[in-house]
**Student:** 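Below you will find the structure I want to go over with you.
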Amino acid sequence: MKTKNSVSKGMLGVFTVLFMNGSLTTAQIADQTTAGNQEIVAKMTRYEVKKESQEKFQKVIADYVKQSISNSNNIMSEAYFEQEDHTIIWLFERWKNRNELDKFRNNSKQLAVLIKTVLVKPEKIIYVKDLEPLTKKQWRKTSKKGEEQLTIMLFVDAKKGTENNFMEVYHKAMPEFRSEPGVVTYQLSQLKEDASQFVTFEKFRNKEAFQYHLNFPPIQPVIDYLNTSIKKQPFQDGIHNLIEFAPLIRE
C-alpha cells in the first residue's frame with residue numbers, strides 16, 4: 001500500500017545510512033549511564049499481526065508507548081508500521097537499564113495477553129548497542145506539525161573484517177549529518193547477537209531534507225562502503241520505510 005510519504009527505494013538507498021556522532025560531552029555520557037554503571041538497554045520488537053487484529057493491536061501498542069514515555073526511566077518509545085505492509089509493526093524502546101524495561105513490560109498485562117492471540121508468528125526481539133548514542137533529549141526531538149516526516153530503517157550485514165571500517169566511516173560523517181536542519185534523528189546501532197550486523201534508524205522532516213542530503217558530499221564514503229562491503233547486494237534490500245503511529249508528538 002502506497003502512502004504520500006512513499007519514497008522510492010532507489011532514492012532511499014542512496015541516502016539511508018549515515019548515523020554517528022562525534023565524541024560525547026561529559027554531560028551526555030552521564031545521561032547515557034545509571035547508578036552502578038548499568039548499561040542502557042535498546043530494544044527493537046517486530047510484530048506480524050493478523051490483518052483483522054491490526055487496528056486493535058495498534059491501539060494497545062499506542063497505549064503502551066504513551067505510558068512508557070511518561071515513565072522517568074524511559075529514554076524513548078516509538079511505534080511504526082511498515083509502509084509496504086501495515087501488518088508489520090515495530091516497537092522501538094530505550095530504557096535506563098534492563099531492570100526498568102523488564103519491570104515496565106511485566107506490568108503491561110494488556111499487551112502480554114493480546115500478543116498470545118493476534119500474531120501470525122512469534123514476536124522477534126532484537127537487542128542492540130547504540131554506537132555514540134543520542135541523549136534522552138535528542139531522542140525526543142520531533143518534527144513540526146504539517147511536516148511529512150520520513151522514517152527509515154536499514155539493516156546492514158557487513159562482511160567479516162570490515163566492521164571497524166564501517167563504524168569509522170559513520171563516525172566521520174555523523175557530526176555533519178546530525179547538524180543538518182532537516183534531520184530529526186540519526187542513530188547507528190550494532191546487533192548484540194552478531195557484531196557484524198548493524199541497523200540504522202533515521203528521521204527527516206520532509207522529502208526536501210532527504211533530497212538535500214542526497215547531494216551532500218560527505219555521503220559518498222558511506223555509499224562506497226555499502227556498495228562493496230556488505231554480504232548481500234543490493235544494500236537497498238535492507239531498507240524499511242516506516243510510518244509512525246505512536247506517540248506522534250510534533251512541535
Side-chain angles (χ1 to χ4, degrees), residues 1-10 12-13 16-17 41-69 71 74 76-95 98 101-130 149-157 185 187 189-194 196-203 230-248:
M1 177 179 180
K2 297 296 181 181
T3 71
K4 63 182 180 180
N5 282 333
S6 179
V7 180
S8 70
K9 281 198 171 184
L12 287 174
T16 299
V17 284
V41 61
K43 179 182 179 184
M44 303 164 53
T45 308
R46 180 188 184 275
Y47 304 98
E48 186 172 348
V49 185
K50 296 175 183 176
K51 192 170 184 178
E52 63 271 20
S53 303
Q54 181 187 334
E55 184 176 347
K56 182 178 181 181
F57 189 76
Q58 284 189 22
K59 184 180 184 304
V60 171
I61 289 288
D63 289 342
Y64 177 95
V65 168
K66 182 179 179 180
Q67 293 170 22
S68 63
I69 60 177
N71 187 304
N74 175 267
M76 66 84 73
S77 186
E78 298 175 2
Y80 298 79
F81 57 80
E82 295 208 5
Q83 179 176 283
E84 296 184 0
D85 185 351
H86 292 194
T87 66
I88 305 299
I89 292 174
W90 289 90
L91 174 64
F92 302 96
E93 302 176 81
R94 282 163 176 80
W95 292 78
R98 180 65 179 267
L101 166 62
D102 291 343
K103 185 191 305 181
F104 183 84
R105 191 63 181 261
N106 290 337
N107 290 329
S108 302
K109 304 298 184 184
Q110 188 179 13
L111 179 58
V113 170
L114 190 60
I115 284 174
K116 296 177 181 179
T117 60
V118 304
L119 300 185
V120 174
K121 56 186 176 182
E123 62 186 5
K124 181 177 181 180
I125 297 173
I126 304 171
Y127 286 98
V128 300
K129 176 184 178 182
D130 289 339
Q149 176 176 292
L150 298 178
T151 304
I152 303 162
M153 177 172 62
L154 173 69
F155 285 95
V156 175
D157 195 358
T185 305
Q187 180 64 60
S189 305
Q190 190 173 35
L191 272 61
K192 290 273 191 176
E193 63 184 17
D194 186 344
S196 68
Q197 294 188 32
F198 301 84
V199 60
T200 61
F201 182 81
E202 54 195 282
K203 294 187 212 173
I230 66 171
K231 292 179 181 177
K232 184 179 178 181
Q233 295 290 345
F235 70 84
Q236 291 92 336
D237 287 349
I239 293 169
H240 298 254
N241 197 15
L242 306 177
I243 308 298
E244 182 182 2
F245 66 88
L248 272 181

**Student:** Would you name the heavy atoms of K50 and L119 that are closest together and state the gap between them?
**Tutor:** CE-O, 3.8 Å
**Student:** For L91 versus S77, what's the shortest heavy-atom pair and its separation?
**Tutor:** CD1-OG, 4.1 Å
**Student:** Heavy-atom distance under 4.5 Å between the side chains of I239 and L154, does that happen here?
**Tutor:** yes
**Student:** For a 4.5 angstrom cut-off between non-hydrogen side-chain atoms, does T151 reach I243?
**Tutor:** no
**Student:** Any side-chain heavy atom of I88 within less than 4.5 Å of one from Y47?
**Tutor:** no
**Student:** Between Q149 and E244, is any pair of side-chain heavy atoms under 4.5 Å apart?
**Tutor:** yes
**Student:** Is there a salt bridge (Lys or Arg N to Asp or Glu O under 4.0 Å) between R105 and E123 once you walk through the steps?
**Tutor:** CA-CA 14 Å; R105 191 63 181 261; E123 62 186 5; 3.7 Å; yes
**Student:** Restricting to non-hydrogen atoms, name the atom on I69 and the atom on P247 that form the minimum distance, rounded to 0.1 Å.
**Tutor:** CD1-CB, 3.9 Å
**Student:** Please check if the side chain of K109 supplies one atom and the backbone of N106 the other of a donor-acceptor pair under 3.5 Å.
**Tutor:** yes
**Student:** Run the ring pair (Phe, Tyr, Trp, His ring centres under 6.0 Å) test against F104 and tell me which residues pass, sequence neighbours left out.
**Tutor:** Y64, W95
**Student:** Can the ring centroids of F198 and F155 be said to lie less than 6.0 angstrom from one another?
**Tutor:** no
**Student:** Contact between S196 and K231 at the side-chain level, heavy atoms closer than 4.5 Å - yes or no?
**Tutor:** yes
**Student:** For the aromatic rings, using the six-membered ring if either is Trp, is the centroid distance between Y80 and F245 under 6.0 Å?
**Tutor:** no
**Student:** Would you mind telling me which of Q83, E84, E82 makes a side-chain hydrogen bond (donor to acceptor under 3.5 Å, both in side chains) with N241?
**Tutor:** Q83
**Student:** Which heavy atom in A79 sits nearest to a heavy atom in I61, and how many Å separate them?
**Tutor:** CB-CG2, 3.4 Å
**Student:** Does a side-chain heavy-atom distance below 4.5 Å link V199 with M153?
**Tutor:** yes
**Student:** Restricting to non-hydrogen atoms, name the atom on S189 and the atom on D130 that form the minimum distance, rounded to 0.1 Å.
**Tutor:** OG-OD1, 2.5 Å
**Student:** If you count the non-hydrogen atoms of other residues, nucleotides and ligands that lie under 6.0 Å from CD in Q233, is the total more than 12?
**Tutor:** yes
**Student:** Can a salt bridge be assigned to the pair R94 and E78 using a cut-off of 4.0 Å between side-chain N and carboxylate O?
**Tutor:** no
**Student:** Please work out which of the three classes, parallel, tilted or perpendicular, describes the rings of W90 and H240, given edges at 30° and 60°.
**Tutor:** perpendicular
**Student:** Rounded to the nearest 0.5 Å, what separates atom OG in S68 from atom CG in L101?
**Tutor:** 9.5 Å
**Student:** If you take all heavy atoms of M44 and V128, which pair is closest and at what distance?
**Tutor:** SD-CG1, 3.9 Å
**Student:** Please determine, by modelled atom types, if Q187 and T185 share a side-chain donor-acceptor pair under 3.5 angstrom.
**Tutor:** no
**Student:** Do the side chains of I126 and T45 get nearer than 4.5 Å, heavy atoms only?
**Tutor:** no
**Student:** I'd like to check V120 versus T87 (side-chain heavy atoms, cut-off strictly below 4.5 Å). Are they in contact?
**Tutor:** no
